[in-house]
S.K.: 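Here it is: the structure, laid out below.
Note on naming: letters A, B, ... go to the chains in the order of the sequence lines (proteins, then strands), and numbering restarts at 1 for each one.
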Amino acid sequence: MLLVSASSLPSILHFLPGSDPPYKVLEQHPYLNLLAKCNNINTFKQIHSLLIKTGLHNTIFVQSKLIHFCAVSPSGDLSYALSLFARNQQQQIHNHFIWNALIRGHSLSPSPISSLYFFSRMLHYGLQPNSHTFPFLFKSCAKSKATHEGKQLHAHALKLSLHFHPHVHTSLIHMYASVGELDFARLVFDRSPLRDAVSFTALITGYVSQGYVDDARRLFDEIPTKDLVSWNAMIAGYVQSCRFEEAIECFCEMQKTNISPSKSTMVTLLSACGHTGSRELGNWIGSWVRDNGFGSNLQMTNALVDMYSKCGEIDTARQLFDGMEEKDVISWNTMISGYSYLSLYEEALALFDVMLRSNVKPNDITFLGILPACACLGALDLGKWVYAYIDKNLKSSSNASLWTSLIDMYAKCGCIEAAEWVFRSMNSSSLSAWNAMLSGLAMHGHAEKALALFSEMVDKGFQPDDITFVGILSACTQAGLVDLGQNYFRSMMQDYGICPKLQHYGCMIDLLARAGKFEEAEILMKNMEMEPDGAIWGSLLSACKAHGRVELGEYVAERLFQLEPENAGAFVLLSNIYAGAGKWDEVARIRTRLNDKGMKKVPGCTSIEIDGVVHEFLVGDKFHPECKNIYSMLDEIDKLLEENGFVPDTSEVLYDMDEEWKEGALSQHSEKLAIAFGLISTKPGSTIRIVKNLRVCGNCHSATKLISKIFNRQIIARDRNRFHHFKDGFCSCNDCW
DNA sequence: CTAGGGTTAG
């Protein structure tokens with residue numbers, strides 16, 4: 001079959017099948033050197049053709065090289081290896097190298113367990129597995145959690161007395177540790193005389209993966225001569241166990257040895273720096289990266305971007321990100337979740353948009369960064385798109401947090417029904433999914449549903465945690481269910497043994513104070529083992545406002561001023577209390593105090609999403625392109641409100657008392673602007689959804705109730721604390737918020 | 001001629 005002229009052939013002419021020349025000769029053949037440098041399948045095929053021309057392809061040696069390349073190399077192709085194997089099986093079945101390469105190739109494939117099939121065929125042809133065979137087999141069992149098969153192979157290795165071979169031994173430990181059989185792993189380790197760093201490290205990572213990082217550390221200390229990999233494994237073990245400080249300490253210990261850190265050490269360490277906010281160490285690693293020539297390494301740069309953004313240096317992170325020549329999906333995800341982590345949600349969504357335009361395929365992690373941004377901004381259209389995308393492309397994702405994030409997003413975007421739908425369609429619910437659903441219902445004021453859901457989850461055997469009870473208690477708070485709330489609070493401690501945290505006390509104090517039970521709230525505050533935070537004083541202060549308790553309000557406000565001197569909202573609340581009691585001189589005094597301190601209250605801001613674009617409005621905002629139409633709609637609204645007997649409540653007028661907008665400040669509140677824009681930009685009868693960054697003021701609340709009736713629209717408004725569903729002149733919060 | 005332990009985003 002060889003139709004090549006003799007003159008074009010290199011020094012070795014063709015060989016008859018099975019008659020290999022000495023290895024020494026073959027090994028140095030230039031075509032085989034090419035194969036060693038080859039990194040893609042097309043080049044491989046060219047080399048293959050060259051080898052056919054020389055006739056060398058008939059030698060077992062070359063065939064084993066070819067099969068090895070296709071089966072094992074990351075740029076290879078396992079099915080091609082199999083076709084090469086099929087072609088010359090008669091000779092190849094007697095060669096160990098080829099079987100081992102095929103078994104190894106399958107251990108790297110998506111279905112590693114199929115390597116066992118090749119193993120049994122190998123036995124069938126009468127070949128004995130050797131010390132090279134077992135490590136790949138154990139790796140396959142480890143990957144596919146095939147405990148039973150692993151044990152049979154273990155027995156096989158014992159029979160052949162290969163179990164104390166260093167490579168076999170270590171992969172055996174690794175296998176038992178990976179399938180969760182730590183005791184077996186330990187037994188194998190203890191029974192063997194082998195005590196090298198490699199087998200120690202295999203056992204250590206097993207302990208770490210089962211959460212026994214302290215046991216892992218004890219083993220680590222026993223290693224006679226620790227090497228780079230064992231140090232890296234120990235540091236990574238601490239990181240995996242979220243013990244970041246200890247990871248850093250471990251690195252400092254490593255620095256005292258003569259083992260230099262590697263790229264992996266630094267990548268792991270950067271994660272610890274991000275979680276602990278260790279900017280200094282992070283920067284030091286940054287220079288190490290440059291000095292050691294890893295400046296353009298993808299993995300390293302990703303880790304640096306992560307560290308910088310988690311340490312709050314988002315601009316440095318972005319600069320690095322923008323400067324990357326090559327970005328993978330992890331780079332994008334890191335940068336996006338960096339923005340989300342720092343609550344820079346608009347930036348997160350903007351970058352997500354760029355990511356899609358760059359044709360990078362998002363994955364589950366991307367959405368874990370994007371969904372909280374949708375939730376916080378109320379970007380429902382994008383949220384819906386994400387849901388559809390996940391449903392279509394990531395449905396099989398076992399990532400339970402993805403579904404939990406979807407529930408949370410729908411709830412926070414005002415679609416509690418959609419949240420319930422996602423929750424019910426999850427094939428296996430997790431505790432966090434129940435918790436997300438529960439707090440969603442609470443946010444929407446559906447206390448009864450929330451409490452029913454709680455019974456359901458208990459019936460199904462889920463053990464409620466502290467977060468569950470934050471949801472339950474806030475459901476009671478939003479609905480004003482004082483007695484029930486107190487019962488659940490008691491049950492939490494007595495039946496579930498959960499020690500109340502600040503958040504639980506906050507709910508209870510809020511619950512009692514709203515109901516006017518200030519004395520009981522005070523007793524609770526005195527009995528807590530921690531100091532009340534600003535949120536607790538703040539909820540007391542707004543309860544004082546609701547119940548007209550001027551004196552108590554003054555006391556509470558002073559405490560709040562001490563705790564949070566920059567909190568302008570506290571000053572505004574106190575001034576509203578004075579205004580409600582007609583104490584205008586006190587109102588003026590507070591304003592002076594505010595001005596003297598040069599403080600600016602957080603401006604009220606309302607956003608509304610129309611056709612996937614989020615529009616933001618500030619009070620009296622005139623920057624919107626549709627400004628003219630919005631304001632004429634606003635006039636129309638005010639006219640209709642007046643005709644329907646609406647009397648503005650001016651008691652909270654300081655709320656937005658910027659000099660320029662004294663006049664008509666109330667009618668131009670950001671939520672009203674957003675509603676006006678919603679009315680002119682959406683179809684009649686459709687639901688309007690708005691998101692406000694502060695609490696809805698009393699005046700807007702009454703106005704919105706009436707607007708829902710006059711325009712026959714359901715208006716769903718999210719404020720700082722909860723949702724208001726306005727319909728037919730009523731609000732779901734029953735005016736208690 | 002092959003081979004064992006660690007390797008980024010949540």
S.K.: Could you check whether A:F136 gets within reach of a base, just the sugar-phosphate, or nothing at all, counting any heavy atom under 4.0 Å?
M.R.: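 A:F136: backbone/sugar contact only, no base atoms under 4.0 Å.
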S.K.: Please determine if A:R195 forms a cation-pi arrangement with A:F189, meaning its NZ or CZ atom is less than 6.0 Å from the six-membered ring centre and no more than 45° off the ring axis.
M.R.: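 Yes - A:R195 lies over the ring of A:F189, closer than 6.0 Å to its centre and within 45° of its axis.
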S.K.: Tell me: CG of A:L194 to P of B:dA3, nearest whole Å?
M.R.: 20 Å
S.K.: For the pair made of CZ in A:F118 and P in B:dT2, what is the distance, rounded to whole Å?
M.R.: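 Going from CZ in A:F118 over to P in B:dT2 covers 22 Å.
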S.K.: Return the nearest nucleotide to the side chain of A:N232; candidates are B:dC1, B:dG6, B:dT2.
M.R.: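 Nucleotide nearest to A:N232's side chain: B:dG6.
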S.K.: Test for a donor-acceptor pair under 3.5 Å between the base of B:dG4 and the side chain of A:S171, counting only N and O atoms.
M.R.: no
S.K.: Which nucleotide in the set B:dG10, B:dT8, B:dG6 lies at the smallest distance from any side-chain heavy atom of A:I365?
M.R.: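 Taking heavy atoms from C-beta onward, the closest nucleotide is B:dG10.
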S.K.: Using whole Å, report how far CG of A:N302 lies from C1' of B:dG10.
M.R.: 14 Å
S.K.: Got a sec: does the CZ of A:R191 have more than 12 other heavy atoms crowding it under 6.0 Å?
M.R.: no
S.K.: What class does the angle between the rings of A:W99 and A:Y125 fall in, given that below 30° is parallel, 30 to 60° is tilted and above 60° is perpendicular?
M.R.: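 Ring orientation, 0 to 90° scale: tilted.
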S.K.: Just to be sure I understand the rule, does A:H96 reach a base, reach only the sugar-phosphate, or reach nothing, if contact means heavy atoms closer than 4.0 Å?
M.R.: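 Since no nucleic acid heavy atom lies under 4.0 Å of A:H96, the category is nothing.
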S.K.: Quick one: A:M409 CE to B:dG10 P, roughly how many Å, whole number?
M.R.: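 Computing the A:M409:CE to B:dG10:P distance gives 21 Å.
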S.K.: Does A:S271 make a side-chain N or O approach to OP1 or OP2 of B:dA9 shorter than 4.0 Å?
M.R.: yes
S.K.: Are the charged groups of A:R217 and A:D214 less than 4.0 angstrom apart, N to O?
M.R.: no
S.K.: Classify the nucleic acid contact of A:K139 as base, sugar-phosphate or nothing, counting any heavy atom under 4.0 Å across all strands shown.
M.R.: sugar-phosphate
S.K.: Please work out if A:T268 contacts a base, only the sugar-phosphate, or nothing of the nucleic acid, heavy-atom cut-off 4.0 Å.
M.R.: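 No contact at all - A:T268 keeps every heavy atom at 4.0 Å or more from the nucleic acid.
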S.K.: Below 6.0 angstrom between ring centroids: does that apply to A:H106 and A:Y117?
M.R.: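 So the answer is no for these two rings.
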S.K.: Under 4.0 Å between any heavy atoms, over every strand shown, what does A:K226 touch: base, sugar-phosphate, or nothing? Just pick one.
M.R.: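 No contact.
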S.K.: I want to verify a distance call: between B:dT8, B:dG4, B:dG10, whose nearest atom is closest to the A:D196 side chain?
M.R.: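 Selected nucleotide (nearest to the side chain): B:dG4.
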S.K.: Using a 4.0 Å heavy-atom cut-off across all strands, classify A:N100 as base, sugar-phosphate, or nothing.
M.R.: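 Contact class for A:N100: base.
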S.K.: Could you state the atom-to-atom distance from CG of A:L368 to P of B:dA9 in whole Å?
M.R.: 14 Å
S.K.: How many Å lie between NE2 on A:H163 and C1' on B:dG4, as a whole number?
M.R.: 16 Å
S.K.: Base, sugar-phosphate alone, or nothing: which one does A:D364 contact when heavy atoms must sit under 4.0 Å apart?
M.R.: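 Since no nucleic acid heavy atom lies under 4.0 Å of A:D364, the category is nothing.
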S.K.: Determine the contact category for A:S64: base if any of its heavy atoms lies under 4.0 Å from a base atom, sugar-phosphate if only primed atoms, P, OP1 or OP2 are that close, otherwise nothing.
M.R.: base
S.K.: Using a distance-only criterion (donor-acceptor N/O pair, under 3.5 Å, no hydrogens), is the base of B:dG10 paired with the side chain of A:N333?
M.R.: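 Result: no qualifying N/O pair found.
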S.K.: Return the orientation label for the A:Y387 and A:W403 ring planes: parallel under 30°, perpendicular over 60°, tilted otherwise.
M.R.: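 The rings of A:Y387 and A:W403 stand perpendicular, inter-plane angle above 60°.
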S.K.: Should the pair A:F352 and A:F367 be assigned to parallel (<30°), tilted (30 to 60°) or perpendicular (>60°) ring geometry?
M.R.: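 Perpendicular, since the angle between the ring planes exceeds 60°.
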S.K.: As a test of reading the structure: which of B:dA9, B:dT2, B:dG5 is closest to the side chain of A:S230, going by heavy atoms?
M.R.: B:dG5
S.K.: List the steps and the verdict of salt bridge (charged side-chain N to carboxylate O under 4.0 Å, His left out) for A:K143 and A:E149.
M.R.: CA-CA 12 Å; A:K143 272 196 190 170; A:E149 290 82 350; over 6 Å; no
S.K.: Is there a donor and acceptor pair closer than 3.5 Å between the side chain of A:S199 and the base of B:dG5?
M.R.: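 Under the 3.5 Å cut-off, the side chain and the base do not form any donor-acceptor pair.
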S.K.: Please verify the inter-ring angle class for A:Y176 with A:F184; under 30° counts as parallel, over 60° as perpendicular, anything in between as tilted.
M.R.: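 Aromatic pair A:Y176/A:F184 classed parallel.
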S.K.: Hey, does A:L153 have a side-chain heavy atom less than 4.5 Å from the side chain of A:C141?
M.R.: yes
S.K.: Checking all strands, does A:S262 fall into the base, sugar-phosphate, or nothing category for heavy-atom contacts under 4.0 angstrom?
M.R.: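 Here A:S262 touches the bases of the nucleic acid.
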S.K.: Distance check needed: B:dA9 C1' versus A:W332 CH2, whole Å only.
M.R.: 15 Å
S.K.: Could you check which of B:dT2, B:dG6, B:dG4 has an atom nearest any side-chain atom of A:P166?
M.R.: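 The answer is B:dG4, which lies nearest to the side chain.
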S.K.: If you take any heavy atom closer than 4.0 Å to DNA chain B, which residues from residues 344-357 of chain A end up in contact?
M.R.: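 Under 4.0 Å from DNA chain B: no residue of residues 344-357 of chain A.
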S.K.: Could you check whether A:S131 gets within reach of a base, just the sugar-phosphate, or nothing at all, counting any heavy atom under 4.0 Å?
M.R.: base
S.K.: How long is the line joining OH of A:Y238 and P of B:dG6, in whole Å?
M.R.: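 Computing the A:Y238:OH to B:dG6:P distance gives 18 Å.
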S.K.: Looking only at side-chain atoms of A:H174, point me to the closest of B:dT7, B:dT2, B:dG5.
M.R.: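 Nucleotide nearest to A:H174's side chain: B:dG5.
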S.K.: Starting the side chain at C-beta, find the nucleotide from B:dG6, B:dG5, B:dA9 nearest to A:V329.
M.R.: B:dA9
S.K.: Hey, does A:Q63 reach any base, or is it just sugar-phosphate, or nothing, if we go heavy atoms under 4.0 Å?
M.R.: nothing
S.K.: Which of these nucleotides, B:dT2, B:dT8, B:dG5, is closest to any side-chain atom of A:R104?
M.R.: B:dT2
S.K.: The side chain of A:Q299 is closest to which nucleotide in this list: B:dT7, B:dG5, B:dA3?
M.R.: B:dT7
